[in-house]
Each structure stands twice: as C-alpha cells, then as structure tokens.
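Take a look at the structure set out below.
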Amino acid sequence: MSTSTTAQIEGPSAFPQAAPLELRHVCKRYAGQREPAIPDLSLEVVAGEVCVLVGPSGSGKTTAMRLVNRMIPLTSGDILLGGRSVLEREPNELRREIGYVIQQVGLFPHQTVSDNIATVPRLLGWDKQRTATRVHELLELIGMDPDDVGPRYPAQLSGGQRQRVGVARALAADPPLMLMDEPFGAIDPITRARLQDEFLRLQERVRKTIVFVTHDIDEAIMMGHKIAILRQGGQLAQYDTPAEILTNPADEFVAEFVGADRALKRLGLATLAEVELLAPNGLKPGANKVALDTTVRDALSQLLAAGGEPLTVFDEREQVAGIVTLELLGGLLGNGSLTAGEPASSGGQGGEPAT
Ligand SMILES: Nc1ncnc2c1ncn2[C@@H]1O[C@H](COP(=O)(O)OP(=O)(O)OP(=O)(O)O)[C@@H](O)[C@H]1O
Ligand SMILES: [Mg+2]
C-alpha cells in the first residue's frame, strides 16, 4: 500500500496498484430459486481496464459484483483477483482490498465526509496523520476543497457531490480493484455527464481495474474498454470492445440492446484524425471549419447542419488537415472502414452519449 505525502497527485505513481480479475465458470443459485441467477459466467478483466457490465434488470449484474467481493457465496466456479482465488481469502480482508461504490452511495449519514472517506484506512489501522493526508489528497483528487467539504455531513452535499465522495471512499486504501454498481444511476443527466467525464479523467490517473455496472448502453460505450452484455437468466450475450459490439453484435438481443442507431454510436467512437480526409486541393475550402479531434458523429451532425457543405478540417496547430464531406462520412458507414480502429481514446472519451 502506498501513501503519497504530496497533496498534489502527479501521474499514476501515487496509485500503483491494479490487479487482473478473472471469473471462471461462475455459477450462483440463490436458496429457494429454481433457476440460477448466473448459470456459467466466465470473463477476464485486464489489470487497469474498465469492464462494464450491462444488461436488463435481473440479469445478474449486482449478483456478479457481490460474488467478487464475497458478500454472497459462490455456488460453483472460481474468481481470481491478481491470480489468486478469492475463496482462499478471508472475506473481511478481501473487502478492504476492493473498493465498492453502490447505487445509493451508502455514505454513513452521521459521519463527516472526511470520516466516511477514512473508513477503510481506519479499519486497516493507519495512523491519524497518514489517514488525514490520504483524505486530503483524495478530496483534492475528486475536485473538492478538503477544508470546506471534509467537515460536512453527507446531507449537506448535493447528490453529485455525495457520489464523488463515494468514489473517494472506495479509492481510499488504494485498492487493486473497484466495483461500481450503477454509480451515476440516480443523478440528473447534466451532472451525470460531468461525473462520467470526471470518472474518465480520474481513471486515466489511477488506472484501477474497474467493474462498472450500468443499465445505460451509452454510458457503457463511453466508459468501457470492454463491455459484457448480460441477458435475462444471467447469460453472457457478448463480451467485447465497444467498437466491436457496435459493429458486430453477436445476435438479435445485443443488436436490439445497443440500439438501431448503433452505426451512429460507432461513429462517436472515432475522430476525424482516424479518417482518410480528402485533399484540400481542387476543393474550395468552405467557410465551415471543424477540428481534427471532433468525433466522426459530431462532424456528421455539423455537416448536416451546414446543409451538406463540405467542412475544412484543422489540426491543433490551425493547419488545414483536409476536407470532409457528407459522401465521405456516408461511405464510412457503409464500408465498415472504421471497424478496425480502436475507440477514440482508451476510455472511449470521444463516445459522447446520444443527445
Ligand atoms: N437474495 C436473493 N435471493 C433470491 N434471489 C435473488 C436475490 N438477489 C437477487 N436475486 C435474483 O437474482 C437475479 C439477479 O439479480 P441481480 O440483483 O443480480 O440483478 P441486476 O442485473 O443487478 O438487476 P438490476 O439492474 O435491477 O439492479 C434476479 O432474478 C433476482 O430476483
Ligand atoms: Mg443491480
């Protein structure tokens, strides 16, 4: 476990830990239930990556999370964290190593924000100074003023602020794995978009292994390196990158789940930098400009708004990078030439939710 004594956290070194997670033929049958909630689930999450579990209500997402940190017992199969079976671990000790953010945040109402964040460090017996330093550092990391917010009680925060504190609390002991069960589920759309953005930036710095549950396919596309789509009955319908799921849905269920606009969503994962633009010569540079780091989806929408007039693409040094036209982008939709590319960023930052 590392402690950084600097208030300002620089780069990922302050949070060096991330462990791979593997579910091997996991089965969970609740007592008294005829059908298992999860019959046979296998998946691997690479250390430092975000795996999003998505699927309809009752498809076993929360069950899968609770099996990982042993809040409920496995019926059969195994789960390995950092190559080691969780079944070999003492459950309380295991839970201190896994950050858990639940839907209603679950902050302790009678404890201050600082005390809430200090929960696991206290359980681990950290001394006062180390704990206080850590709490201070985490509040700064989530963009909150430690002196202002630290002494407040959860009821004195907005929903979005409580959610951030929940994330800080889960990060407190620098866990190699974070489980986040619909962390932004109860938040209004505008705050939610901001929290999603913040989350991606935070993840770039802390690089935790994260299992993230959501109902929302747009959130999944934006957050996940990989998306696991569960269907009713706890079966894994597809486990793949957002780009691959959008391009090649495994079956009807997945296609319907990701939505009829999946081709458009796919365009939200790529930027113009990944497109072979038309050479500027020959075409008169139009009055309409667009930046090279614009998503293909946004560029398409800008083209439509401009009545189909070509857009001149500028790079970050204000140099003309090329021309983009409706025909060019329309062609990409048809020929699948964006399918080979990676998402716009590791976390799919370019994948704006549909508006
Ligand atoms: N303690 C329990 N006892 C019996 N059955 C349970 C229990 N907890 C969950 N289940 C059942 O297991 C299945 C999966 O539930 P789970 O909570 O994992 O779904 P979920 O995908 O998280 O759903 P939601 O999106 O609504 O949160 C459901 O059919 C549910 O009714
Ligand atoms: Mg659930």
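FYI, side chains are in, hydrogens and waters are out, and symmetry mates aren't considered; it's all heavy atoms of this structure. Indexing begins at 1, ligand by ligand and atom by atom, following the structure's order.
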Exercise. With atoms numbered from 1 as shown, which atoms in ligand 1 lie under 4.0 angstrom from a non-hydrogen atom of Ser59?
Worked result: 19 (O), 21 (O)
Exercise. Which is closest to atom 28 (C) of ligand 1 in terms of heavy atoms, Gly58, Ser57, Ala37?
Worked result: Gly58
Exercise. Applying a strict 4.0 Å limit to heavy atoms, is Gly55 in contact with ligand 1?
Worked result: no
Seminar exercise, completed: From the list Arg24, Gln235, His25, side chain to side chain donor-acceptor pair (under 3.5 Å) with Asp40 holds only for His25
Exercise. Quick one: ring-ring contact (aromatic ring centres under 6.0 Å, His included) pairs with a partner in residues 161-201, sequence neighbours left out?
Worked result: Phe184-Phe212, Phe199-Phe212
Seminar exercise, completed: If you compare Thr63, Leu230, Asp181 by their heavy atoms, the one closest to atom 18 (O) of ligand 1 turns out to be Thr63
Exercise. Quick one: does Ala31 get an N or O within less than 3.5 Å of an N or O on ligand 1?
Worked result: no
For this session: Assess Arg169 against Phe108: is NZ or CZ under 6.0 Å from the centre of the six-membered ring, and within 45 degrees of the ring's axis?
Result: yes
Exercise. For the Mg ion (ligand 2), does an N/O/S atom of Thr62 lie at less than 2.8 Å?
Worked result: yes
Exercise. Can a salt bridge be assigned to the pair Glu137 and Arg134 using a cut-off of 4.0 Å between side-chain N and carboxylate O?
Worked result: yes
Seminar exercise, completed: Those residues at least two apart in sequence (or on a different chain) that pass side-chain contact (heavy atoms from CB on, under 4.5 Å) with Leu157 are Val113, Val149, Arg152, Gln161, Arg162, Val165
